Protein chains: 2
Amino acid sequence: MLSDERRSLILDRLGTQGRVLAADLTAELDVSADTIRRDLRELDDAGLLRRVHGGALPRHGDASPFASRERRAPEAKASIARRAAEIVREGQVVVLDGGTTTLELARALADDLRASVITTSPPIAIALAAHPGLEVTVVGGVLRPDALVTVGAAAVEALRLIRADVVFLGVCGLHPEIGVTTEDLEERHVKAAMIAGAAEVVALADHDKLGTAMPVVVAPITAVTQLVTDADADEAALAPYLALGIEVLRA
Amino acid sequence: MLSDERRSLILDRLGTQGRVLAADLTAELDVSADTIRRDLRELDDAGLLRRVHGGALPRHGDASPFASRERRAPEAKASIARRAAEIVREGQVVVLDGGTTTLELARALADDLRASVITTSPPIAIALAAHPGLEVTVVGGVLRPDALVTVGAAAVEALRLIRADVVFLGVCGLHPEIGVTTEDLEERHVKAAMIAGAAEVVALADHDKLGTAMPVVVAPITAVTQLVTDADADEAALAPYLALGIEVLRA
DNA sequence: CCGGTTCATGCACAAACACGCATAAACCTG
DNA sequence: CAGGTTTATGCGTGTTTGTGCATGAACCGG
């Protein structure tokens, strides 16, 4: 058994069963517990799973995606959201992607801000409805049940008409060479349409998303003009983005 | 059971039931009360729930959208919604107007129903996202902050393309001569577009809306094919609709 | 105010873990 | 092909983490 095979098998197992136990893997793959631990640690470093005491869990999805995702690193998300909210200026046309971080961003917008917000996310639309100074536009389309965003041809077509001042992307993965990535092909097209019509593209990514990649490429990293991340991101991880001329904001 | 899984489960439970009891968790998760207490304490520290004596509650005293209206005559609305949900048949294309009654209707749809639902209401879209058998389409447009529905040219245009089997209208006023009426001109155009493309038009109106009229006329009463109202509606108020050939369902 | 319940703290123990090192295989490289 | 280097693995050692139990304090309903 090659080590790469073993790791693939671990990821397979994780995908089908939703979790793996280190002890089980030790027994079934007939290697020492150390080796399994090493595998799990490196897969975690690569962003392919989430290491926990006793085993590992999928990095992004457990049972109820949106609700449970909201609780991952909430303070990091909140600080990123607050910092990102400062980017928005009076009178701008703002496009908001779906996701928990962008939802926090919506909530963090200043109460006296006047602007126009366009979003594919029903939860964001509802959160902003109470805001006195915003005109909120919902992008129509087929609803993706887990991510709670609209997708499909109608959404892409509607976004194609928009010339936004700034778009905020809640990215799933951000890699200096691979670029902005996501899990879902439909969502990819929507995000790409958002980017295409925007003057500024702000990526919101907490530090453990930096250097990771998801299956679907949304856009090259050069499409991003600003990156907002949390204080735990280290210099080394940020250097490649700075070198590419991307403005990096640490909350 | 990994400890992380256990905590996720606790948060899930909290999300669905609105509260958790420490004693229940001890029994169901088969760990000691100490462990549960530790979990709850740490989840509280992380800001993910609010610890109280005997269990835990959601941290945000859940502010549900348009909460004030939702509690007006809730039992009448709920019974109308349940009755109306029975109208929907397998495989149909259903258009749902916004409003609290239609939101109840969405929640009342049978779990095993397979259908396509199109709505202008973000809250309805979110409520239906968890439903396994439905394809949910959101009609895009400018969000009306108080009613939480999309309006405007984009919404009308999108609805013009739809040939629905049945549309459910949460009406503001229903009068045998004046017809279906509402308060808002923008909403009127959206409702009219819904009606234009639908084979059946079901009006949901509790008994005190019968015989009343609002400033803006949506459609003549003949556009309505079915009327669902509550048990308190009296024969005299319903007679005119029956005389016009409208099928009347009393919940 | 009182009895039962729930809670926090300290402690003990086992499982899981990280780290350093040794070994052997795989792989360059001249 | 010979010698050096890298890589993967397993083992020993000490540390951390998760859990359960005991004890006393805090809470609550009657």
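FYI, side chains are in, hydrogens and waters are out, and symmetry mates aren't considered; it's all heavy atoms of this structure. Quick caveat: nothing in here was measured; it's all calculated off a predicted structure. Each chain gets a letter, A, B and so on, in the order its sequence line appears, and its residues count up from 1.
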Who pairs with [X] by side chain to side chain donor-acceptor pair (under 3.5 Å), at least two apart in sequence or on another chain?
X	result
B:Arg6	B:Asp39
B:His207	B:Asp230
A:Glu5	none
B:Thr35	B:Ser32

Would you mind reading off the bend of the helix from C:dC1-D:dG30 to C:dG30-D:dC1 from its two end axes, five pairs each, to 10 degrees? 50°
Listed partners of [X] passing side chain to side chain contact (heavy atoms under 4.5 Å, CB included), at least two apart:
X	value
A:Ala84	A:Leu105, A:Phe168, A:Leu204, A:Val228
B:Leu57	B:Arg19, B:Arg50, B:Val52
A:Leu48	A:Leu11, A:Leu43, A:Ala46

Protein within reach of the bases, or only the backbone? For nucleotides 19-30 of chain D, mark each nucleotide 5' to 3' as B, S or -, using heavy atoms under 4.0 Å. BBBB----S---
For B:Asp234, does the CG atom have more than 12 heavy-atom neighbours from other residues, nucleotides or ligands under 6.0 Å away? yes
Measure CG/A:Leu40 against P/D:dT9 and give the value in whole Å, please. 13 Å
Nearest-Å distance for atom pair CG/P, residues B:Asp45 and C:dC7: 15 Å
Can you name the salt bridge (Lys or Arg N to Asp or Glu O under 4.0 Å) partners of B:Glu135, sequence neighbours left out? none
For A:Glu42, which residues count as a salt bridge (Lys or Arg N to Asp or Glu O under 4.0 Å) partner, sequence neighbours excluded? A:Arg7
Does anything in residues 20-28 of chain A reach DNA chain D, meaning a heavy atom under 4.0 Å, and if so which residues? none
